[in-house]
Amino acid sequence: LGHGSQARTLSLHLAPYGVGQFLMVTRDITQIERLENTRKDFVANVSHELRTPLTVLSGFVETLQDMPGDALTEEQRRHYLDLMAQQARNMQALVADLLTLSSLESSPNREGTPVSVTALVRTALAQAQALSGGQHAFDTNLDETLHIRGQDTELASAIGNLLTNAVRYTPAGGAITVSWEPTPDGGAAYRVRDTGIGIAPDDIPRLTERFFRVDRGRSRATGGTGLGLAIAKHVAMRHEAVLDIRSTPGEGSLFSILFPPARVCPPDAPAAPAQP
Ligand code: ADP
């Protein structure tokens with residue numbers, strides 16, 4: 001059946017209705033069907049994402065098992081073990097991100113307590129700097145007193161994901177600027193700007209899809225799970241905020257989480273009552 005330009009799926013049921021009469025019930029199940037397809041795609045993607053590091057890992061294990069004890073130099077042995085540890089870390093990161101996504105989807109959305117975003121940014125910065133290994137210049141502009149009401153663990157993962165992405169997708173020698181400031185409308189903005197590889201305009205709308213990556217190889221090699229921006233978008237939505245992405249290929253990107261004025265609160269505001 002056509003409806004506008006999109007095909008729709010209807011289910012038809014005939015039910016007895018009085019003597020010699022039937023009632024025809026039609027239900028539009030397009031949305032249900034779409035959700036089911038999304039779920040199937042997701043399960044297929046997760047299985048694929050886990051199988052890749054597992055295959056590499058078990059390949060190395062078998063190779064080492066088949067080798068006589070003295071066949072490898074100490075350096076070669078270490079090299080294989082490092083590669084195996086990297087695959088194990090990739091799997092751990094994937095499982096951790098999957099658990100974060102599932103808890104974002106299943107836990108009730110509470111208004112939360114006043115969160116010092118500056119404190120969260122500092123922790124995330126330390127991790128980003130460790131990942132960078134001194135290869136990027138970091139600059140910060142953080143408003144210590146600016147607080148928002150929210151969930152600190154959720155906010156920490158969104159804040160961290162944008163920062164580690166800036167490191168991953170900015171070649172050595174690039175600059176990363178992080179800011180946490182009030183916006184003219186009375187809201188607040190967390191911004192991460194980088195001078196990295198940038199993103200083509202056509203790819204920008206797809207970035208927050210689960211497992212979408214512009215360059216699968218680069219994402220994997222740097223430990224990316226393909227879920228970071230899906231998590232960041234989800235966290236933003238749960239805080240009535242918007243994840244804004246701007247980018248110019250070859251010049252760099254600006255990722256912002258823009259919080260509405262209603263979320264800004266004094267540092268010592270009382271906890272909001274839990275919502276049903
Ligand atoms: P990943 O774990 O692959 O980084 P994300 O969901 O965090 O997954 O990001 C999705 C994709 O968006 C990345 O694979 C990358 O192609 C692109 N991307 C994210 N952040 C940046 C950035 N700062 N600069 C360029 N590309 C980016």
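In listed order, ligands and their atoms are each counted from 1. Counting begins at 1 with the first residue of the sequence.
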Looking only at side-chain N and O atoms, does Thr177 offer a donor or acceptor that is under 3.5 Å from a partner on Asp139? no

Would you check if Ile231 and Asn161 make a side-chain contact, meaning some heavy-atom pair closer than 4.5 Å? yes

Any N or O of Gly226 closer than 3.5 Å to N or O of ligand 1: yes

Starting from atom 16 (O) of ligand 1, which protein heavy atom do you reach first, and at what distance in Å? Val214 N, 3.0 Å

Once you restrict to heavy atoms under 4.0 Å, what part of Ile199 touches ligand 1? Side chain, backbone, both or neither. side chain

Taking 4.0 Å as the limit for heavy-atom contacts, which would you say applies to Asp194 with ligand 1: side chain only, backbone only, both, or neither? side chain

Does the distance from a Lys or Arg side-chain N to an Asp or Glu carboxylate O, for Glu74 and Arg77, drop under 4.0 Å? yes

Sidechain N-carboxylate O distance under 4.0 Å for Glu49, Arg213: yes

Ignoring angles and geometry beyond distance, decide whether Leu229 reaches within less than 3.5 Å of ligand 1 through its nitrogen or oxygen atoms. yes

Numbered in order shown, the ligand 1 atoms found under 4.0 Å of a heavy atom of Leu227 are 6 (O), 8 (O)

Which residue and non-hydrogen atom of the protein lie closest to atom 11 (C) of ligand 1, and at what distance in Å? Phe212 O, 3.7 Å

Assess the pair Tyr17 and Phe22: is the distance between their ring centroids shorter than 6.0 Å? no

Supply the atom-to-atom distance Asp215 CG to Arg168 CZ, rounded to the nearest 0.5 angstrom. 13.0 Å

Lys/Arg-Asp/Glu bridge criterion (N-O < 4.0 Å) met for Arg122, Glu144: yes

Tell me which protein heavy atom sits closest to atom 12 (O) of ligand 1, plus the residue, atom name and distance to 0.1 Å. Leu207 CD2, 3.3 Å

Among Leu163, Asn165, Ile204, which one has a heavy atom closest to atom 7 (O) of ligand 1? Asn165

Could a heavy atom of Thr225 be found less than 4.0 Å from some atom of ligand 1? yes

For atom 13 (C) of ligand 1, which protein heavy atom lies nearest, and how many Å away is it? Tyr169 OH, 3.4 Å

How far is atom 3 (O) of ligand 1 from its nearest protein heavy atom, and which residue and atom is that? Ser219 OG, 2.5 Å

Consider only side-chain N and O atoms of Thr26 and Asp28, and report whether a donor and an acceptor are under 3.5 Å apart. no

How does Phe255 reach ligand 1, by side chain, by backbone, by both or by neither, if only non-hydrogen atoms under 4.0 Å count? side chain

CZ (Phe60) with more than 12 external heavy atoms under 6.0 Å: yes

Enumerate the atoms of ligand 1 whose separation from the nearest heavy atom of Arg213 is less than 4.0 angstrom. 3 (O), 14 (O)

Interfacing atoms of ligand 1 (cut-off 4.0 Å, heavy-atom, Ser253): 24 (N)

Should the heavy atoms of other residues, nucleotides or ligands under 6.0 Å from CZ of Arg78 be counted, would the total exceed 12? no

So, does Gly198 sit close enough to ligand 1 that a heavy atom of it is under 4.0 Å from the ligand? yes

Looking at Gly228, which atoms of ligand 1 are within less than 4.0 Å of one of its heavy atoms? 5 (P), 6 (O), 7 (O)

Can you tell if the side chain of Leu163 reaches within under 4.5 Å of the side chain of Ile176, non-hydrogen atoms only? yes

